[in-house]
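Each chain gets a letter, A, B and so on, in the order the sequences are listed, and its residues count up from 1. Heavy atoms only: backbone and side chains are in, while hydrogens, waters and symmetry mates are out.
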Protein chains: 2
Amino acid sequence: MARKTGSHSEITGPRIRAAAQHLFARHGYAAVSMRQIAAEVGVQAGALYLYTPDKQSLLADLMRDHLEGLLEAFADLPPASGPEARLDQFARFHIGYHIDRPDAVFIAYMELRNLEPDNFSAIEALRRRYENALEAILRDGRAAGVFAVPDTKLATLALIAMLTGVTNWYREGGRLGRAEVEAIYADMARNAVGSPARVQHTA
Amino acid sequence: MARKTGSHSEITGPRIRAAAQHLFARHGYAAVSMRQIAAEVGVQAGALYLYTPDKQSLLADLMRDHLEGLLEAFADLPPASGPEARLDQFARFHIGYHIDRPDAVFIAYMELRNLEPDNFSAIEALRRRYENALEAILRDGRAAGVFAVPDTKLATLALIAMLTGVTNWYREGGRLGRAEVEAIYADMARNAVGSPARVQHTA
DNA sequence: ATGCTATCTGAACGCATGTTCAGTTCAACC
DNA sequence: GGTTGAACTGAACATGCGTTCAGATAGCAT
């Protein structure tokens, strides 16, 4: 058999990426075989090579797509004025975007070591662009005297680590709702970078 | 050949664990073969099985040793009085302990998915004990009115994620010294959980 | 009905894997 | 200096890996 009704490149391609993302996140890139991915899609292993040149590209493409999507969504945010509003917007956006994509996030942070050098550089550059966006906010806030951060680079990495950690525990329909989680993390981020006006939306 | 001068179980055993820790952290559990570990130790693959029943136990033992060492070192801290002092102590301890063991930390957080169910439960229980220690501090602080945290569980995980993130970037001899890094993170942690007295040791 | 072509199968390739074990080697003891 | 036994080798095992490719299949156009 081959080519069931309506079966197409446009169907199988995305299903392969989805299966790979799911399995890579669950078991790790190195622990997942092409045959397992193929089985999840309902296809033989050989068929995967019509959609990806090799396993490594499958991983690199997932990571690049995730980070490019992240940067694009961030760029599409409405402009906010003032470092405090911009930080609040960043924190809420980060939580909201990551909460919906735990698999992609996990892969993008954990499988870097399985990328070949060229792919690694490309992915790292994307991540750095995102980090730089936050660092710019912190620098502006420090210059304006509304944030007290001894080191903007350290604070950037600390905040991103704190916010991204939400994917380790948040589950849809759990004890805390999405909006609550966004608000609490945004407040913690605001408070962490310090000084003047202490904010407390949530009680 | 076999048994070079003074070569013993007491030498080879630790060297195997060290090699495994190093390689697992660098490439991931699933991507590292027993032959690679053996080669790093300077031994044939079969010899590893004099020191570990299998690859899985090698991983589980590394993770358990790390978490037990963490809990033990934490328990050995001098008693601190008051939630604010206890949080400061926790944050500085966490940074200090993790900064010296990036490989073990990375494995303990990343390779959970490669543990068989029994090992997973045991390791998870250890991690939870450590998290509970921090959460107790936050609860006491909230009760005393010195911390403002809407949800102590969320705040616990957020702080631990923020602090643990130090292992992703800190390198000995880098731009920032150990004491500086500890102080900055401790301040960020203190500020993140909020309200009354805003602390600012570092400038 | 016939041919075309995108889609997929199924077998094969060389190689690596975790693990076992009979046999070798050498420091230590009598 | 002969014996013992812990420490290790080296080959073998079944199995699985990523990848290739000739051939089968089936939807579409004619």
Side-chain angles (χ1 to χ4, degrees), chain A residues 1-24 26-63 107 111 113-116 118-119, chain B residues 1-24 26-63 107 111 113-116 118-119:
Chain A
M1 108 198 61
R3 183 119 77 114
K4 308 210 179 102
T5 316
S7 165
H8 264 338
S9 182
E10 288 134 36
I11 301 279
T12 306
R15 289 189 57 202
I16 289 174
R17 282 189 289 273
Q21 180 165 93
H22 172 237
L23 290 170
F24 287 167
R26 178 97 95 209
H27 307 292
Y29 171 76
V32 172
S33 72
M34 294 300 267
R35 284 171 179 82
Q36 286 173 57
I37 298 171
E40 180 130 327
V41 176
V43 111
Q44 293 299 315
L48 301 184
Y49 291 85
L50 297 170
Y51 300 95
T52 184
D54 49 32
K55 194 187 177 189
Q56 167 75 200
S57 302
L58 202 45
L59 174 63
D61 286 351
L62 285 175
M63 296 176 71
I107 292 172
E111 301 294 357
R113 60 189 176 185
N114 285 310
L115 289 178
E116 288 158 7
D118 286 359
N119 289 331
Chain B
M1 103 196 65
R3 186 117 78 110
K4 309 212 178 100
T5 317
S7 164
H8 263 339
S9 182
E10 289 134 36
I11 301 280
T12 307
R15 288 189 58 205
I16 289 173
R17 282 190 289 273
Q21 180 165 95
H22 172 236
L23 290 170
F24 287 168
R26 178 99 92 208
H27 307 291
Y29 172 75
V32 172
S33 72
M34 295 300 266
R35 284 169 179 83
Q36 285 174 57
I37 297 171
E40 181 129 326
V41 177
V43 110
Q44 293 299 315
L48 301 183
Y49 291 86
L50 297 170
Y51 301 94
T52 184
D54 49 31
K55 192 187 178 189
Q56 167 76 198
S57 302
L58 201 45
L59 174 62
D61 287 351
L62 286 175
M63 294 175 73
I107 292 172
E111 302 293 357
R113 61 188 176 187
N114 286 310
L115 288 179
E116 288 158 8
D118 287 359
N119 289 331

Which nucleotide in the list dG10(D), dT9(C), dT19(C) gets nearest to the side chain of A45(B)? dT19(C)
One should read off an interatomic distance between D54(A) CG and M34(A) CE, to the nearest 0.5 angstrom, of 7.5 Å
What is the separation between atom CD1 on I37(B) and atom P on dT19(C), rounded to the nearest whole Å? 10 Å
Applying side chain to side chain contact (heavy atoms under 4.5 Å, CB included), name anything that partners A18(A), two or more places apart in sequence or on another chain. none
Closest listed nucleotide, where the reference is the side chain of V43(B) and the choices are dT9(D), dG18(C), dG18(D): dT9(D)
Could you tell me how far apart I16(B) (CD1) and dA7(D) (P) are, to the nearest whole angstrom? 11 Å
Once you round to the nearest 0.5 Å, how far does CG of L62(A) lie from NE2 of H22(A)? 13.0 Å
Which parts of residues 47-56 of chain A get close to DNA chain D, meaning a heavy atom less than 4.0 angstrom away? Y49(A), D54(A), K55(A)
Contact under 4.0 Å: S33(B) side-chain N or O vs dT17(C) OP1/OP2: yes
CG (L58(A)) and NZ (K55(A)) are apart, to the nearest 0.5 Å, by 9.0 Å
Looking at L23(B), L115(B), N114(B), which hits side-chain contact (heavy atoms from CB on, under 4.5 Å) with Y29(B)? N114(B)
Under 4.0 angstrom between T12(A) side-chain N/O and dC8(C) OP1 or OP2: yes
Starting from C1' on dT17(C), measure out to CD on Q44(B) and report it in whole angstrom. 15 Å
Contacts under 3.5 Å, N or O only, protein and nucleotides 11-13 of chain D:
{"from": "dA12(D)", "atom 1": "N6", "to": "R35(B)", "atom 2": "NH2", "distance (Å)": "3.3"}

Without decimals, in angstroms, what is the distance between Q36(B) CD and dT17(C) P? 6 Å
What does V41(A) touch in the nucleic acid at a heavy-atom separation under 4.0 angstrom: a base, only the sugar-phosphate, or nothing? nothing
Can you tell me how far the CG atom of D118(B) sits from the CD atom of Q56(B), to the nearest 0.5 Å? 9.5 Å
Measure the CG-CD1 distance between D61(B) and I16(B) for me, rounded to the nearest 0.5 Å. 12.0 Å
Output for pair (R17(B) CZ, L59(B) CG), nearest 0.5 Å, gives 13.5 Å
For the student: nearest non-hydrogen atoms of R35(B) and A45(B), plus distance: CG-CB, 3.8 Å
